[in-house]
Amino acid sequence: MATTNVVRDEYSELVDLEHSHDHEHGQFIAHHFHSAEQQFDSGKLGIWLFLVTEVLFFGGLFVAYIIYRYNRPDVFIDAHHHLDTLLGGLNTIVLLFSSLTMAWGVRAAQLGDNRTTAISVLATMVCAALFLGVKAVEYSHKWDLGLLPGNLFSYDPLAKHDHALISNYLVMLCVPFGVLLLGFLLGAILNLNTGKKLIGQFYGGMAITMLGYFAGVGVGVLWMATMTPKHDSHDDHHAAVVVAADAVRPVVFSADDAAPKVETAVVDGAAAAEAPAGSTAPLDKSLGVFFSIYYCMTGLHAVHIIAGIAALAWIFYRSLAAQWRPDYFGPVDFVGLYWHLVDLIWIYLFPLMYLIR
Amino acid sequence: MAQHATTTHAASDDHGHGHGEHFAHPAPVWVLLGTFGALIFLTILTVFIADNVELGSFELLVSMGIATVKAVLVGAFFMHMFWDKGFNVLVFLSSLLFFALFIGFALMDSYETLPNVSDYYKR
């Protein structure tokens with residue numbers, strides 16, 4: 001419609017007359033919208049529709065989980081011994097905190113406080129990267145043990161797992177983040193030194209985000225290190241436990257150290273002994289299916305975290321450029337809604353994966 | 001044309017939000033902090049129950065119940081559904097309806113075919 005621009009210009013003028021203190025009113029209103037509110041409402045409906053597709057997207061995987069758990073509850077009870085509740089719980093709290101900082105950022109943008117929005121969004125990105133760092137430690141540890149999806153599954157409970165503390169897989173997972181860290185650091189230093197403050201600050205914030213990833217890796221590795229002595233004794237005992245479980249369920253045990261781990265091993269052994277009841281597939285192959293589901297669900301979630309960091313980076317840049325105002329904060333709100341949905345999915349994933357008893 | 005613009009502007013007033021720049025609903029700080037506190041409490045609670053309380057077959061029900069309370073808190077306050085337009089909330093909740101249908105039919109099917117699956121493994 002040829003007259004649309006005319007309408008909007010006149011409308012802008014009209015609004016400018018009403019709010020003469022606001023010299024750049026309408027700067028961000030696209031030409032096909034009549035008002036800032038109409039534009040905001042359209043965007044909001046759009047992001048809600050997108051979130052609907054996301055729910056259904058993850059829904060397929062949740063159905064796979066439910067059907068498989070319904071058919072093979074024993075597999076899920078056994079699988080939980082391979083997942084670290086503390087690291088999962090830590091990641092849950094990190095994600096919940098990132099949701100708080102995101103909501104804080106949206107609030108600040110609604111009030112036109114761009115500085116607070118930038119800091120909040122940066123905190124959200126750091127939490128997101130920290131989550132990925134912890135997840136990288138969890139993944140690499142599982143890959144070392146052979147806890148792999150489907151037919152790749154090669155975990156041997158009798159084998160001695162004298163894996164290195166820093167897994168080669170972990171190093172590989174750190175490379176892209178290390179490269180990005182160096183790139184952003186270099187970009188920040190160069191741009192800040194040549195007086196390009198905006199882009200320099202942006203690169204600086206992204207470098208801090210990448211440091212968040214390495215903080216997560218550090219926390220995960222430290223936790224694994226405190227667990228390692230117990231792990232070794234767990235593995236030493238394990239062979240004995242499995243043998244014992246064949247004969248009599250071991251009641252008395254030299255459980256002087258690492259009591260909870262020994263208990264775990266007992267359950268492991270008992271499950272292994274009871275599983276071949278004749279009516280089901282071997283436990284190890286079925287565990288591979290569990291880990292297929294585990295990697296698909298947490299992996300797709302991690303991809304969403306990475307996409308979230310990219311979207312948040314865009315919001316971070318625009319916050320530094322001070323583009324949000326009480327009548328224009330839609331993008332912060334929309335990315336925030338997406339971020340909260342990623343958090344929502346984890347709220348369900350955490351008990352379903354880590355808290356099976 | 002000015003007439004047209006004025007009309008649309010008046011129409012947007014009908015939403016009950018007044019002028020264009022008053023459609024923002026900043027969430028009060030205490031609501032955000034309270035929601036976060038409740039979420040952390042519920043996370044610790046669900047881990048505690050999983051580790052220390054024997055619930056048997058109710059375990060899944062309880063952990064999913066707590067997760068749903070957390071989801072409602074995030075949705076209502078962090079995602080602003082509490083202040084959002086009813087239509088947006090309806091759109092989002094409709095996805096849960098279709099998800100429930102998806103699960104329901106898949107489980108019904110699984111229930112019917114479970115004996116065949118068991119037979120397959122017995123062979």
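In what follows, chains are A, B, ... by sequence order, proteins preceding strands, each numbered from 1.
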Side-chain H-bond candidate by donor/acceptor type, A/R72 with A/Y68, under 3.5 Å:
no
Side chains of A/N114 and A/S319, donor plus acceptor under 3.5 Å
no
Would you mind telling me which of [options] has the largest number of heavy-atom pairs within less than 4.5 Å of chain A?
{"options": "B/D109, B/V89, B/T43", "result": "B/T43"}
{"options": "B/Y111, B/F77, B/F36", "result": "B/F36"}
{"options": "B/M64, B/M79, B/K70", "result": "B/M79"}
{"options": "B/P28, B/A67, B/G75", "result": "B/A67"}

Ring centres under 6.0 Å, that's the criterion: do [X] and [Y] meet it?
{"X": "A/Y328", "Y": "A/F40", "answer": "no"}
{"X": "A/H304", "Y": "A/F58", "answer": "yes"}
{"X": "A/W48", "Y": "B/F87", "answer": "no"}

Residue part contacting chain B, namely of A/Y70, when any heavy atom lies under 4.5 Å:
side chain
Residue part contacting chain B, namely of A/I47, when any heavy atom lies under 4.5 Å:
neither
Ion pair A/D113/A/R115, N-O distance below 4.0 Å
no
Report the option among A/V55, A/V63, A/V52, A/L100 that has the most heavy-atom pairs separated by less than 4.5 Å from atoms of chain B.
A/L100
When heavy-atom pairs shorter than 4.5 Å are enumerated against chain B, which of A/G336, A/P351, A/G59 gives the highest number?
A/G59
Side chain from CB out, backbone as N, CA, C, O: work out which of these in [X] comes under 4.5 Å of a heavy atom of chain A, or both, or neither.
{"X": "B/V29", "result": "both"}
{"X": "B/T35", "result": "neither"}
{"X": "B/L60", "result": "side chain"}

According to side chain to side chain contact (heavy atoms under 4.5 Å, CB included), who are the partners of B/D51, at least two apart in sequence or on a separate chain?
A/R357, B/V47
Distance-only check: which donor-acceptor pairs under 3.5 Å involve side-chain atoms of residues 90-106 of chain B, not counting sequence neighbours?
{"unit_1": "B/S94", "atom_1": "OG", "unit_2": "B/V91", "atom_2": "O", "d": "2.5"}
{"unit_1": "B/S95", "atom_1": "OG", "unit_2": "B/F92", "atom_2": "O", "d": "2.6"}

